[in-house]
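Quick notes on the structure that follows.
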Amino acid sequence: MSKMTVKLFASLMEYLPVNSTKSHGFDYKITDSTTVGYLIDDLKLPRNVIHIVLLNGVYLDAETRDETVLSEGDTLGFWPPVAGG
Amino acid sequence: MQMSLVIDANKCTGCLQCEMACSYEGEGVFNPTKSRIKIFPFHEEGIFVPYTCTQCDEAWCMHACPVEAIVLNKTTGAKEIVNDLCVGCKVCTIACPFGTVNYNADSGKVIKCDLCGGDPECAKACPTDAITYQDANWTGYDKMKDYAAKAMPAK
Amino acid sequence: MSWTKKVLRINLTKGTCTPEPLNMEWVEQFLGQRGLATKYLTEEVPPTTDALSPENTMYMITGPLTGTMASTAGRYSVVTKSPLTGAVACSNSGGFFGNEMKCAGWDMIILEGKSPMPVYISINDDKAEILPADEIWGKSVWETDEWLHAKHQDPQLRIAAIGVPGEKGVLYAAIINDLHRAAGRSGVGTVMGSKNVKAIALRGSKGVTVNDPKAFFETTTAAKKILAENAVTGEGLPALGTQVLMNVINEMGAQPAHNYKDSVFAGASKISGEAMLEPRESDGKPNLTRNAGCFACTISCGRISTIDPQHFSIQNKDDLHHSYHANSGGLEYEAAWALGSDTGVDDLDALTYAQFVCNEQGLDPISLGSTIAAAMEMFEEGVITTKDTGGIELNFGNAKAMIECTELVAKAEGFGLELGQGSARFCAKHGRPELSMTVRGQEFPAYDPRGIQGMGLGYATSNRGACHLRGYTVASEVLGIPIKTDPLETEGKAGLQIAFQNATAVFDSVGICVFTSFAWSLEDVAPQLDAACEGDWTPERLGEIGERIWNLERLYNEAAGVGASADKLPPRMTTEPATTGPAAGKVSGLATMLPEYYAERGWSPEGGVTAETKTRLGL
Amino acid sequence: MKHLIIGAGPSGVVAAEHIRKFDKSASITIIGDEPEAPYSRMAIPYHLIGNIKEEGTHLRHTAGHFDNLNIKIINDRVTKINSKNKSVELTSGGSESYDKLLIASGSRPVSPPIPGIGQPGVHSCWTLEDARAIAALAKPGAKVIQIGAGFIACIILEALARRDVELTVVEMEDRMVPRMMDSIAGNMIKDWCVHKKIDVFTNGQVSEIKKVDGDHTFKVSVKTPNGITELDADLVITATGVRPCTDFLEGSDLIIDDGIIVDKNMQTNVADIFAAGDVAQGKDFCTGEYTVQAIQPTAAEHGLIAAQNMVGAERAECGGTINMNVLDTMGLISCSFGLWQGVEGGESCQLVEKDKWRYLNLQFDGDVLIGATAIGHTQHVGVMRGLIQAEITLGPWKDKLLNNPLQLMSAYLACTQSAEIKS
């Protein structure tokens, strides 16, 4: 088992596991074949709300998102649709 | 079924959409100064309070009118100004303990909320549901009445 | 017809207030607000004019939708020649001032000349007066607001004012209306101060009408529905404000930190929109009290915040305005990054305090924060010392130092007066011009051009100097609006920037907020305009107007000497690769994008507006 | 059950209508002494201006309103009440019996003791009949002298001015509307009138009205501290106050002070006789004393309370009415509420804006508003009544009001909707 970091932002913060410090992310255990899609389902994140997914800061396209396999030390961030300026 | 305007100040963002909707419906112009509903900002408390006639049962304005120019709309419960009859004496403006009947110097008559005949524009325009028009039986109507009672104890 | 077709021309030298008709022919070509006032500027103020001389003129102007029920339709712009950049300045503000101007019966207020003594302008419908301001000269915006409300005894008076920095020549002074809405950038407040005008107090009772009320209600209602149902404008912005971006931009490695040396800031999450919602220890309340809307705004991204009552910034300061201990206009992302990550400060309350100071005194927090950050870098390199700073230990991450600098600029005293000249002049003075993160003398906003390539091109070509609001390709490159593009790629960015620049010029000329563009396209704007005022406003025509406005601004800048020669980024962006995050190893590809940009604009390879383009656009 | 009501003004009519609401079968009769449909004196000035026709002054507008409610209206005048056999005698010679009697006979203008006051061309302005006579004489260019600058006097000024007459006002006191306005307010209204090209004599007394031959009908002598001035006049209007109509009650057992004394149920000292409106001396909310208020809202409220007690449906009580007035003096709108003079030991604040024709006077007892005067403010003025009558504790808002009385509406909202406004 190896570990990576999951960060949930904005309205997705309500899906944070109990006791995790808010926007600083939490550890998530993965196997060699854990995909982003698996993680989304495991954490019960609402797919219709997820808009921006950054894997180590790089945007994951919606098409390839589910199949992307996670690696040790990765950081995965989720956002609903947001914008500012 | 009686409906009433229910105001939740905690949802108001102070955008004045209600004032514009009201002034357009009532006076044909986007002009907050001619609105029958007003937003009062409390800057340091960080709150905005929408305020208009509660169509109270006591209807001080209606009873004080010397020429029967304020009448009850039995369908909506609104107390409505009959413009053709209003002489502009302003007695209702001092009689209403909520201060929601106001003199309009341009027309020489008074204006107040009439619930737009049962389809209040302010509620439709409010983007945050701070103003809603709801079935009086299960909304804050009682709260409004409490408030009316608080501001005007039983005689 | 939503225009009043009337302009109030105030000649401060002569002391006259004269009504004149709005030039409706120019309306056909340039719409309103940003476009129309720029046309007035180009016709009336020679491009080589000294921005702080009486010969410069300032235009406060509404758009055709300002004052109506269309969502966000309370905007006005201040157009003038900028003292910071020497280019055209156009700063846009919300609040309740623009609609009040329209309600008073004026589309535009023109301030020309210079008053021999401090004055303020009082406008009550048709009645306009130039009145003495001796008692408020030297006071803050908030004090001025209170004084004017008390003097006129009218709680509904709408006021736009400058603080001390605007009076004393700080080059990035803002005009603040309604206590905390700002016409913020390019020193428009400095121009107002140079004319000896402290404030404009407005009261209007006339109201605004529209050409086709039925169509107007239908189309604006439909457009509001689009905003409400859009996840960004209906949910994200109301809940977290612009500050929602802090974590996004940081995670993707485009968060400028330490004067753009770094593009990731370790303390970002502590000063983010999310952090503003977390209850603090001292009183159990979060920084954010609620969201608030400008006039007619159905998005309501405005932040109403309080400073932690235990925070050092507000302890034992008897002279602080009472609003520092109450709710007031809180942090926006652009202020948070500039005062925060760029200076290395991760103290949310320190930033909120500095934001309050900027509101109270009328300062652009972007230019302020950026200039402080540049000074910090020079301090750490030993270029300047405590001798220069007046004793301030100006290291990155020093919240107290950031606050002291902010206060000094707000008072325009000592070292503050030097910082008040902006980063370009400050760095040049100390022999390190390359450390100034500016274009045309205006400080960068919050997106590292090495990590978001389109923005680099945007900064370099922005007509008002570095700016995010001229062509916000972040929407596409980061947020996927309207389509997702790769932020690290330069290909296609020229066309993307041009599309954003032209469309934004239209949004800025209508009287609505540019944030509606997260959900609206010109297809949504055109029918609202069409119902509000006569004319045939199609999306195609609006697109052309946008391009015309952009080229008009460019022509003015060319003649002012800040055209193509100023289309460049600081060397750090083009020669020092980013060190962390996805952009590590990357520099800005401006050199690749710029020729494409010129070509797609129909300009010469040197970046000049060609005769063909001028003819095509009727310029 | 037979209900008899003396007086067809607002109080009598409101009472009659409410009796009908509570008792569908009772007999209800109103005796009115003017040959008109029940009308409102409040509306007369607007009729004189020409804003409304005579019918516009009527209290009720629906055709057959009183018939439909089975309310009988008799045009007659009561000369005597026999409380023993429960009947009243009428001028016409007849009589009417009652089970319950309401005296709502209103008030009538006081005629000042001035030589020449009784002649044609000298009128009060109280009835529709008076209005017709004034309208006939107040032709453009006519010289009109109005004696008195009280509430009624001020309200008809505009009507006269609009008729392009040359108008002079003579008031005994040192200011206009002395019984409703303090010195600052009364003088501001005076200045306004002068600004509107009306001659105003304060501290002035008309000593004689002499009929003369020549271009004008009268020579009027006005005595002021500066001496005597002789003025021409074609029409003299007396508006020096009103007094309850109680003369027909001589010999009844009713206790009469300024008006008929009533308890909180509007009941007089005589069984089954009630009184309401201008004729009744009822409880004043602010002072707790019994006074004649002679104002429209009080008349309506009295009528309502009396009706409820006359039918015995419930024992409705009047906790006291607030003395309040609103006045439109040629476009300058003023109002006063409760104890606008203040009380000993109470704090107050006055905001005077002469250049804007605005004035606001707030009077407090502790942290409760007890009285107010306003000139030139027309928005949300009713909250002054609300704050006074609900005796709302202002807490910290009292000091804010002392500092800036224009924050009245904010204070009102903060104190009545405190659930929402937390600081």
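From a predicted model like this one, the values you see are computed outputs, not experimental measurements. Here is the naming used below: chain letters follow the sequence lines, and residue numbers restart at 1 for every chain.
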Take A:Val82 and C:Leu240 through the test side chain to side chain contact (heavy atoms under 4.5 Å, CB included) and record every step on the way to the result. CA-CA 9 Å; A:Val82 293; C:Leu240 290 159; 5.5 Å; no

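Atom CD of residue C:Glu278 and atom CE of residue A:Met13 lie 6.5 Å apart, to the nearest 0.5 angstrom. Summarising the geometry, atom CE belonging to C:Met252 is positioned 11.0 Å from atom OH belonging to A:Tyr59; distances are rounded to the nearest 0.5 Å.
Two residues are said to be in side-chain contact when any heavy atoms from C-beta on lie closer than 4.5 Å; A:Trp79 and C:Asn247 meet this criterion. Between C:Glu235 and A:Ser11 there is a side-chain heavy-atom pair separated by less than 4.5 Å.
In this structure, C:Glu251 contributes its side chain and A:Gly57 its backbone to no donor-acceptor pair below 3.5 Å.
For C:Asp342, the side chain to side chain donor-acceptor pair (under 3.5 Å) test picks out no residue, with sequence neighbours left out. Applying the side chain to side chain donor-acceptor pair (under 3.5 Å) rule to C:Thr233 yields no partners; only residues at least two apart in sequence or on another chain are considered. Residues passing the side chain to side chain donor-acceptor pair (under 3.5 Å) test with C:Asn230: none are found, sequence neighbours excluded.
At a heavy-atom separation below 4.5 angstrom, chain C is approached by no residue within residues 31-42 of chain A.
When all heavy atoms of C:Ile481 and A:Ala83 are compared, the pair lying nearest together is CD1-CB, 4.3 Å. Taking every heavy atom of both residues into account, C:Val244 and A:Ala10 meet most closely at CG2-CB, 4.0 Å. In terms of heavy atoms, C:Pro582 sits closest to A:Asn56 at CG-O, 3.5 Å.
Counted within 6.0 Å of CD on C:Glu491, heavy atoms from surrounding residues, nucleotides or ligands total 12 or fewer; the atom is thus considered open. For A:Glu14, the CD atom sits in a packed shell: over 12 heavy atoms of surrounding residues, nucleotides or ligands are nearer than 6.0 Å.
Contact of C:Val248 with chain A is made through backbone and side chain together, with heavy-atom distances under 4.5 Å.
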